[in-house]
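Single-structure report; data block below.
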Number of protein chains: 2
Amino acid sequence: MAKDTGSLRALRRTNSERLLSALMEHGALHRAELARICGVSRTTVSTIVADLVMGGVVMEVVGDQVAEAGIDASEVDGRARGFLQANPAAGAAAGLDFTLERVWGHVTDLSGTTLASDGATVARDTPWQERLTTGLALLDELLSKAALDRDALVGVAIGVPGPIDLQSGVVGPSLPGQAWAGVNVSAEFGRHLAVPVLVGNNTRLEAVAEFTWGAGKGARDVLYLGLSTGIGSGLLVDGNLHHGGARGGGGEVGHISADPAGAPCPCGNRGCLVQYASLNAVLKALSFGDIDELLAAAEAGDDDTVRVLREAGEHTGRVLANICNLLNPERIIVGGELARAGDLVLEPIRATLRRSAMALTRDADVVAAELDLGARAGASGAAALVLRQTDQLVAALLAGAELKSNEAV
Amino acid sequence: MAKDTGSLRALRRTNSERLLSALMEHGALHRAELARICGVSRTTVSTIVADLVMGGVVMEVVGDQVAEAGIDASEVDGRARGFLQANPAAGAAAGLDFTLERVWGHVTDLSGTTLASDGATVARDTPWQERLTTGLALLDELLSKAALDRDALVGVAIGVPGPIDLQSGVVGPSLPGQAWAGVNVSAEFGRHLAVPVLVGNNTRLEAVAEFTWGAGKGARDVLYLGLSTGIGSGLLVDGNLHHGGARGGGGEVGHISADPAGAPCPCGNRGCLVQYASLNAVLKALSFGDIDELLAAAEAGDDDTVRVLREAGEHTGRVLANICNLLNPERIIVGGELARAGDLVLEPIRATLRRSAMALTRDADVVAAELDLGARAGASGAAALVLRQTDQLVAALLAGAELKSNEAV
DNA sequence: GGGTTTGTGTCAAGAGTGTGAACGAACTAT
DNA sequence: ATAGTTCGTTCACACTCTTGACACAAACCC
């Protein structure tokens, strides 16, 4: 089979893809509606759907599931519709998120439902080869928990610290001692996995998680800001994730200068935002040991704490105002540990933004991240990144379905 | 005809589009090569090409034109190839650029060759309705010069000052007295033109011109900076023109703050870049009347002039460093009148950028705009914008070709 | 309750598209 | 001049989608 040149087969594949994509996007549909959406005849829909059901990619919705899917079929005249939906269990997406001392793994089905999620700690000085095997072991463990094997995966995404060069795919240096620096993560994991491997920066993956399931849902121009040890960001431009620029070095909001007259930063600039609004900077200014002390003091209304958080927010707001004038996002999501301070940091951001940005760009919504800010966010974002690649995903599913239907015959 | 639902026709159309796109991208190809590139059989290529030739969209390259197209067919064995190329005369693209006191029009063929280009002046207080008729008259005049009629157009793009709201398509307010404020330019021109009408900000269109034909050729992540009366910009993200954000307010680099402690700006911010690096600001600081005086003094080596230009460059460089850390463009193009000062302003930009941006993002090329910086740039960019929409363009050509081939029968 | 309306899903006939194999054409190398 | 190579075209064939017709199922109308 698979004489793929055949452009008549390509037509059928194209139509199959359209049908499946429509089902994944709209949830559950009946054949006639599907035909209208995709611009093909009901006949064609029926024949293709029969194949897809045979391949296990699509399933008929029966009985209670109809109500569950939130369809009211009773409102209209005519024959009852046979509803169809993409089979969430036709495949799985996995994400692995490597931070300095931890690996977190996350496996979801195609609807984004979490099947398994867990983490493991690693020593700071662990070389990347060892991290890789640890990550793969974690992945296999999660898969077995979910009663799946690697064949079920439609893709895997890997989160690492630091920038990823767009052309070479190699991770660039960021912090000294970055374990993955100089490694082509996609290629290395590709040796062990038979599916596409995507790579992204940790913070950008958190952003993807928010775009997909959190505060960024439905928006097309979003900036996610991660106020953590460092300050990273993820950017959604017209519905597409920004790739990080020519050498993947983009998104470093933490080293945008909030004050050109400020203190020098190791990066070469002066008055970088990290000096005012990173978790480290705030803790240091208040001599707190960790975020919980900070939050306790904030809740108690400690003046110094409120002031430092306000100043952090104001500096952040000034930087955001500049970004708004450049890109005019419709929504700004603030995440990272410091976002747990809530309005104490968000309100100063909003006020400064409204004061400093231009009339047309200043009304961006500034909202807190919705997803849990723990270690899981990056890994779930990685899985989300896989699910976002609808095209590849659909193609993978169809290839798999073709195999299965052939086996069946 | 044109029962467009027919998905078999869709297949043929898809293949026709692929063939035509390949021809437009690669220049000139023979049938076998075309088949290899598009993944279809030579048979199919032959039949489709026959139709396209009939429709006038594609033409056979004969005689001297072969050498002209830069093909050496002699190097290989086998039968001589019949080369094909997209017919540049199969359609035309037009751009109209409205500035405060001028309209400029530009008409090109499909290869981007200028067919006609001219301008007209209008009074500052002319309402938009009158500007519209002036523009259309100019367009018709240019078309008649080029011996074309409106049917030949595959699209028109309009440049206006100010932001364009993404959802509504309405021009937002910018300068007081902006003639187009509140107008849906695309819809209004659409009443008079039977082709797609695109709308863009003046500066962004200059950027498109540079991306397409000037200093931005071949790059995928580019920032164009227009240092003129105001400071605007155009942004290319991974090969796509940035649309200006949620409300079209993006790109306002001039109101990014270069110094939070600087003087207040009417926009609400402090120390905006326009205060240091706009043409007006520089002229005012040196008490010059126009750009020519400035350039003369610069060439004469006047210390004050050199200093002010250096400071303008340094402020610009600081702002660009922040943008580089956010988006990591591979190339930055500096245009607008002030760019005529050349290295006197570019070198300080480069030096500041190298000092202030992060290691990975600081090596963006900073180059001067290549195209003439006169009134023509915006209009030619508008035409380029039309040519960039390859999909729509190809679709329009095929529709036209189908008509013509039917007429022929 | 029965007839009508509306809309769904499937079947057979028909039209259109792309492919593969085979063939003639044209050019290079020996 | 001959062999080898590649190109462009022709024809039978296989495949896909559509159209029109029909059976079916629910809701509406009287």
Side-chain angles (χ1 to χ4, degrees), chain A residues 1-19 28-54 58 60-62 66 71-84 398 402 405, chain B residues 1-19 23 28-54 58-63 66 71-84 398 402 405-406:
Chain A
M1 48 132 270
K3 276 191 183 171
D4 225 320
T5 47
S7 228
L8 269 174
R9 293 211 172 137
L11 176 56
R12 170 115 167 259
R13 198 174 54 235
T14 304
N15 281 334
S16 304
E17 285 176 8
R18 272 213 289 245
L19 260 52
L29 297 167
H30 53 108
R31 291 174 177 76
E33 186 72 20
L34 208 45
R36 278 190 289 266
I37 290 175
C38 300
V40 296
S41 70
R42 288 176 308 185
T43 310
T44 306
V45 171
S46 284
T47 57
I48 291 179
V49 160
D51 278 5
L52 295 182
V53 169
M54 176 88 73
V58 167
E60 217 117 2
V61 184
V62 290
V66 176
I71 322 160
D72 40 2
S74 53
E75 293 280 328
V76 289
D77 286 11
R79 172 176 170 176
R81 294 91 174 266
F83 281 90
L84 304 160
L398 289 177
E402 203 170 334
S405 70
Chain B
M1 51 130 271
K3 277 193 184 172
D4 224 319
T5 46
S7 227
L8 268 173
R9 293 212 170 136
L11 175 56
R12 171 110 170 262
R13 198 175 55 235
T14 303
N15 281 334
S16 304
E17 285 176 9
R18 274 213 287 244
L19 261 53
L23 279 177
L29 297 166
H30 54 107
R31 290 174 178 77
E33 186 74 17
L34 208 45
R36 279 190 289 266
I37 291 175
C38 299
V40 295
S41 68
R42 286 175 306 178
T43 310
T44 307
V45 172
S46 284
T47 57
I48 291 179
V49 160
D51 278 4
L52 295 182
V53 170
M54 175 88 73
V58 166
M59 48 191 240
E60 218 118 2
V61 184
V62 289
V66 177
I71 321 159
D72 41 1
S74 53
E75 293 279 329
V76 287
D77 283 14
R79 171 177 169 175
R81 293 91 170 268
F83 282 90
L84 304 160
L398 289 178
E402 205 170 333
S405 67
N406 284 8

(request) Go through the steps to decide whether A/Val40 and A/Leu34 satisfy the test side-chain contact (heavy atoms from CB on, under 4.5 Å), and finish with yes or no. (result) CA-CA 8 Å; A/Val40 296; A/Leu34 208 45; over 6 Å; no
(request) For the pair B/Leu84 and B/Glu60, evaluate side-chain contact (heavy atoms from CB on, under 4.5 Å) and give the outcome as yes or no after the intermediate values. (result) CA-CA 5 Å; B/Leu84 304 160; B/Glu60 218 118 2; 4.0 Å; yes
Does the side chain of [X] get closer than 4.0 angstrom to OP1 or OP2 of [N] through an N or O atom?
X	N	value
A/Ser46	C/dT10	yes
A/Thr43	D/dC17	no
B/Asn15	C/dG18	yes
B/Arg31	D/dT9	yes
A/Arg36	C/dT8	yes

Write down the distance between [atom1] ([X]) and [atom2] ([N]), rounded to a whole number of angstrom.
X	N	atom1	atom2	result
A/Ile37	C/dT8	CD1	P	12 Å
A/His30	D/dA25	NE2	P	18 Å
A/Leu34	C/dT8	CG	P	12 Å
A/Leu19	D/dC17	CG	P	10 Å
A/Leu8	D/dC13	CG	P	17 Å
B/Phe83	C/dC27	CZ	C1'	13 Å
A/Ile48	D/dC15	CD1	P	16 Å

(message) Tell me if the side-chain of B/Arg42 makes a donor-acceptor pair with the base of D/dG8, cut-off 3.5 Å, by modelled atom types.
(response) yes
(request) Mind listing the closest non-hydrogen atom pair of B/Val45 and B/Leu19 along with its distance? (result) CA-CD2, 4.1 Å
(message) Looking at every non-hydrogen atom in both residues, tell me the closest pair between B/Ser16 and B/Leu398 and how far apart they are.
(response) CB-CD1, 3.8 Å
(request) With the side chain counted from C-beta on, respond yes when B/Met59 and B/Val53 share a heavy-atom pair under 4.5 Å apart, and no when they do not. (result) no
(message) Both A/Thr44 and B/Gly82 contact DNA chain D. Taking the nearest nucleotide for each, which residue is further toward the 5' end?
(response) B/Gly82
